[in-house]
Amino acid sequence: MGENHFSRELRLLTPTHFEYVFSNAIPSVSPQLTLLARKNDKLAPRLGITISKKRVKRAHDRNRLKRIIRESFRLQRQVLPNVDIVVVGKSGLDKLSNQELFSLLNKLWKKLSQRCA
RNA sequence: GGAGUUGGCCAGGCAAUCGUCGCUUAUCGGGCAUUCGUGUGUUGAUAAGGGGAGGAAAGUCCGGGCUCCAUAGGGCAGGGUGCCAGGUAAUGCCUGGGCGGCGAGAGCCGACGACAAGUGCAGCAGAGAGCAGACCGCCUGUUGGUUAUUCGUAACCAAUCGGUAAGGGUGAAAGGGUGCGGUAAGAGCGCACCGCGCAGCUGGCAACAGUUUGUGGCAAGGUAAACUCCACCCGGAGCAAGACCAAAUAGGAUCCCGUAUGGCGUGGCCCACGUUGGGAUCGGGUGUGUUGCUUGAGCCAGUGAGUGAUUGCUGGCCUAGAUGAAUGAUUGCCCAAGACAGAACCCGGCUUAUCGGCCAACUCCGACU
RNA sequence: GCGGACGUCGUAUAGUGGUAAUACCUUAGCCUUCCAAGCUAAAGCUGCGAGUUCGAUUCUCGCCGUCCGCU
């Protein structure tokens with residue numbers, strides 16, 4: 001297995017996982033995105049994404065945003081501590097270009113790893 | 001060459017690196033089940049191979065398949081469709097035809113049955129709006145007045161009893177059109193032509209068309225996306241349907257109602273059919289399990305039938321199946337510079353969004369031969 | 001994914017084919033020393049696009065938006 005893989009162990013899969021994060025989270029906020037994190041007992045960080053239909057209307061855009069968030073997480077995974085992260089999309093998220101979203105996420109990952117360290 | 005109409009097709013490409021979801025094969029390791037054992041099944045990791053969104057995947061507006069309720073049966077209610085014929089699993093779709101409208105043409109558009117069955121509706125304006133109606137006007141008569149007079153009356157004015165649908169005016173709409181006759185003035189009152197209805201005949205499966213036929217006699221005004229009538233169609237719910245596994249809408253406790261001409265069984269009511277209690281609360285326990293899930297009214301090619309939609313036969317092909325949900329990111333090159341946009345049970349249509357490009361057939365205009 | 005309901009002044013609601021109504025709000029005036037209350041007046045709406053009709057908020061169709069229910 002390569003170093004930058006992204007398999008099912010690295011995702012939040014069930015509502016109980018999400019509840020765990022929401023109940024006691026360390027935030028990292030920007031106008032378009034909110035990141036919530038909480039330390040887990042695993043050996044790697046895990047990612048969950050919520051973007052509601054109300055915030056981003058088109059399925060096509062929701063898929064695009066989720067792909068880019070996953071891709072960014074995959075590339076920055078080695079830098080992150082062992083935490084569960086939930087990415088919450090907000091209104092206006094679909095206005096960002098791919099480049100803008102990547103740089104925004106990089107900032108937020110760094111902020112999170114500082115706070116959780 | 002320009003302008004246009006119709007039908008069909010494509011939906012950026014290539015390379016490198018990293019990554020994602022199924023499938024197949026191989027290797028490795030562990031657990032479980034089974035076996036005396038080899039082994040087999042299941043599961044995990046790695047590697048390789050091959051596959052992985054659309055023409056609209058969208059809206060959910062129709063029609064079906066499939067599943068459960070009864071094998072979905074009868075009636076009422078309700079809803080839908082609406083020129084004719086054909087196609088289809090079926091349709092509100094498609095094809096061909098008819099009729100009407102638009103266009104110079106190729107072509108395009110049309111909820112296009114019935115108001116000479118019944119009931120209703122039409123504000124304001126206007127005299128009158130429904131087996132109509134007299135405001136102005138036109139005309140006969142009567143009465144009164146004035147003028148003229150051949151003393152019989154005549155003309156004009158006013159009032160009034162009537163007649164009249166030609167003209168004016170109102171309105172979205174005022175009960176055929178033109179001409180001649182006719183009349184006090186008029187009028188389908190009569191006649192001619194045109195238009196219209198009904199019947200016959202001819203052509204056509206039919207819608208409908210034609211008619212040098214007969215007849216009516218000018219009505220039967222408009223409106224059915226008003227009720228309604230006529231013809232045809234429709235049982236309800238939806239994969240969060242449903243099925244399987246485990247104790248699993250279970251089993252248990254308490255209370256209330258009911259005890260059969262009753263209750264329940266899925267979505268209006270009655271019948272019929274099936275079944276035999278129903279409801280509330282408490283307590284306990286528990287899945288984001290497996291399946292349904294992709295081979296299908298499937299696609300491609302050839303050929304036969306048909307004007308066509310479509311369909312018969314033969315051969316070939318397998319082309320997403322996720323379940324917090326997969327096609328992406330970065331870089332480089334090329335060009336016509338990339339729009340709208342992401343499957344969630346599956347098909348057939350319709351509608352809506354959409355950068356551009358290609359092909360075929362046809363129409364009109366111009367030039368040349 | 002499936003099913004259902006609703007769009008009328010800034011807000012909450014009426015309106016069954018003929019000039020779109022009511023209350024609060026807003027603005028102006030009167031009243032008051034001033035404010036509030038009260039009185040008077042004004043302004044401001046049928047989600048969008050087609051169709052039927054003489055005429056559409058109303059009837060029909062298509063879009064757009066909002067809300068609700070079903071693991």
Side-chain angles (χ1 to χ4, degrees):
Chain A
M1 200 192 286
E3 286 193 341
N4 293 327
H5 71 99
F6 182 64
S7 65
R8 297 185 72 78
E9 281 82 36
L10 299 177
R11 302 183 197 175
L12 301 178
L13 293 174
T14 65
T16 49
H17 293 157
F18 279 81
E19 288 297 324
Y20 174 81
V21 176
F22 281 126
S23 59
N24 189 1
I26 301 164
S28 175
V29 185
S30 81
Q32 291 86 11
L33 280 174
T34 297
L35 271 66
L36 300 170
R38 188 177 182 187
K39 285 186 181 171
N40 61 14
D41 51 1
K42 304 289 191 298
L43 296 173
R46 298 194 294 177
L47 177 70
I49 305 170
T50 58
I51 301 172
S52 76
K53 209 180 204 173
K54 202 169 181 178
R55 299 298 181 201
V56 180
K57 291 284 180 196
R58 294 190 185 79
H60 173 255
D61 288 328
R62 285 199 299 279
N63 275 352
R64 194 191 100 231
L65 294 165
K66 286 197 276 188
R67 278 178 196 136
I68 290 166
I69 292 166
R70 270 202 301 272
E71 183 71 13
S72 175
F73 174 81
R74 187 174 68 80
L75 296 171
Q76 299 289 325
R77 188 169 67 83
Q78 301 301 326
V79 183
L80 293 169
N82 295 340
V83 291
D84 287 348
I85 300 171
V86 175
V87 178
V88 181
K90 297 201 251 185
S91 300
L93 187 58
D94 53 338
K95 302 280 195 307
L96 293 179
S97 72
N98 292 2
Q99 287 291 344
E100 288 170 332
L101 189 56
F102 266 113
S103 55
L104 173 64
L105 281 165
N106 281 341
K107 257 194 287 178
L108 293 172
W109 297 136
K110 276 176 197 161
K111 215 195 256 181
L112 258 192
S113 47
Q114 282 170 9
R115 290 193 188 180
C116 296

In whole Å, what separates the P atom of B/C239 from that of B/C345? 8 Å
Tell me the closest heavy-atom pair linking A/Arg64 and A/Asn98, and the distance in Å. NE-OD1, 3.2 Å
Who pairs with B/A33 - Watson-Crick or G-U, where each distance is under 3.5 Å: B/U40
Among the nucleotides B/A326, B/G324, B/C18, which one has an atom lying closest to any side-chain atom of A/Thr50? B/G324
Interatomic distance, CG@A/Leu101 vs OG@A/Ser72, rounded to 0.5 Å, equals 7.5 Å
A/Leu65 CG to B/G324 C1', straight-line distance once rounded to whole Å: 16 Å
Quick check for you: name the first and last nucleotides of RNA chain C, 5' to 3', having an atom under 4.0 Å from a heavy atom of chain A. C/U66 to C/C67
Per the O4'-C1'-N9-C4 / O4'-C1'-N1-C2 angle with a 90° window around 0, B/A53 comes out syn
Do A/Val83 and A/Ile26 sit in one hydrophobic cluster, given that two such residues count as connected whenever their side-chain heavy atoms are within less than 4.5 Å of each other, even indirectly? no
Rounded distance [0.5 Å steps], CD1 in A/Ile85 versus CD1 in A/Ile69: 11.5 Å
Quick one: does A/Arg77 reach the base of B/G19 with a side-chain donor-acceptor pair under 3.5 Å? no
Is the glycosidic angle of B/G55 within 90° of 0, making it syn, or outside that range, making it anti? syn
Straight-line distance of A/Leu75 CG to A/Arg70 CZ, nearest 0.5 Å: 13.0 Å
Should B/G197 form a Watson-Crick or G-U wobble pair with both distances under 3.5 Å, which nucleotide is its partner? B/U215
According to the Watson-Crick and G-U wobble definitions, with both distances under 3.5 Å, which nucleotide is paired to B/A125? none
Under the rule syn = chi within 90° of 0, otherwise anti, which is B/G22? syn
For A/Asp61, answer base if it contacts any base atom (sugar-phosphate contacts may also be present), sugar-phosphate if it contacts only those atoms, and nothing otherwise; contact means non-hydrogen atoms under 4.0 Å. nothing
Please classify the glycosidic conformation of B/U153 as syn (within 90° of 0) or anti (everything else). anti
Is B/G177 in the syn range, within 90° of 0, or in the anti range? anti
Let me know the distance between CD1 of A/Ile69 and C1' of B/U20, rounded to the nearest Å. 16 Å
For the side chain of A/Ala59, counting heavy atoms from C-beta on, which of B/G342, B/U330, B/U327 is nearest? B/G342
Gap between atoms NZ and C1', on A/Lys66 and B/A326 respectively (whole Å): 11 Å
Rounded distance in Å between the P positions of B/C201 and B/A192: 27 Å
Nearest-angstrom distance, P atom, B/A237 to C/C2: 16 Å
Taking all non-hydrogen atoms of both residues, which atom of A/Lys111 and which atom of A/Ser28 are closest, and how far apart? CD-OG, 3.5 Å
Table please: side-chain donor-acceptor pairs of residues 44-51 of chain A below 3.5 Å, with sequence neighbours left out.
| from | atom 1 | to | atom 2 | distance (Å) |
| --- | --- | --- | --- | --- |
| A/Arg46 | NE | A/Asp84 | OD1 | 3.0 |
| A/Arg46 | NH2 | A/Asp84 | OD2 | 3.0 |
| A/Thr50 | OG1 | A/Val87 | O | 3.4 |

Check whether any side-chain N or O of A/Asn98 sits under 4.0 Å from OP1 or OP2 of B/A329, and answer yes or no. yes
B/C317 pairs with, by Watson-Crick or G-U criteria that keep both distances under 3.5 Å: B/G298
For A/Gly89 versus A/Leu33, what's the shortest heavy-atom pair and its separation? CA-CD2, 4.1 Å
Counting Watson-Crick and G-U wobble pairs only, both distances under 3.5 Å, name the nucleotide matched with B/A253, or none. B/U281
Write down the distance between CZ (A/Arg62) and C1' (B/A57), rounded to a whole number of angstrom. 14 Å
Find the distance A/His60:NE2 to B/A343:C1' and express it as a whole number of Å. 14 Å
Nearest-neighbour nucleotide for the A/Arg58 side chain, B/G324, B/A329, B/G342 considered: B/G342
Length of the CZ-P vector between A/Arg64 and B/A57, whole Å: 23 Å
Between A/Gln99 and B/A329, is there a side-chain N or O to OP1/OP2 distance below 4.0 Å? no
Between B/A185 and B/U140, how many Å separate the two P atoms, rounded to a whole number? 8 Å
Taking a pair to mean Watson-Crick or G-U wobble geometry with both distances below 3.5 Å, B/G22 pairs with none
For C/U32, which nucleotide is its Watson-Crick or G-U wobble mate, given both distances must be under 3.5 Å? none
A/Asn106 CG to B/U330 P, in whole Å, measures 12 Å
Between A/Arg74 and B/G19, does any side-chain N or O lie under 4.0 Å from OP1 or OP2? no
Could you check whether A/Arg70 gets within reach of a base, just the sugar-phosphate, or nothing at all, counting any heavy atom under 4.0 Å? sugar-phosphate
Nearest whole Å is fine: how far is B/A329 P from A/Gln76 CD? 17 Å
What is the minimum heavy-atom distance between A/Trp109 and A/Leu80, and which atoms define it? O-CD2, 3.9 Å
A/Leu104 side, atom CG; A/Ser30 side, atom OG - distance, nearest 0.5 Å: 4.5 Å
Who pairs with B/G235 - Watson-Crick or G-U, where each distance is under 3.5 Å: B/C69
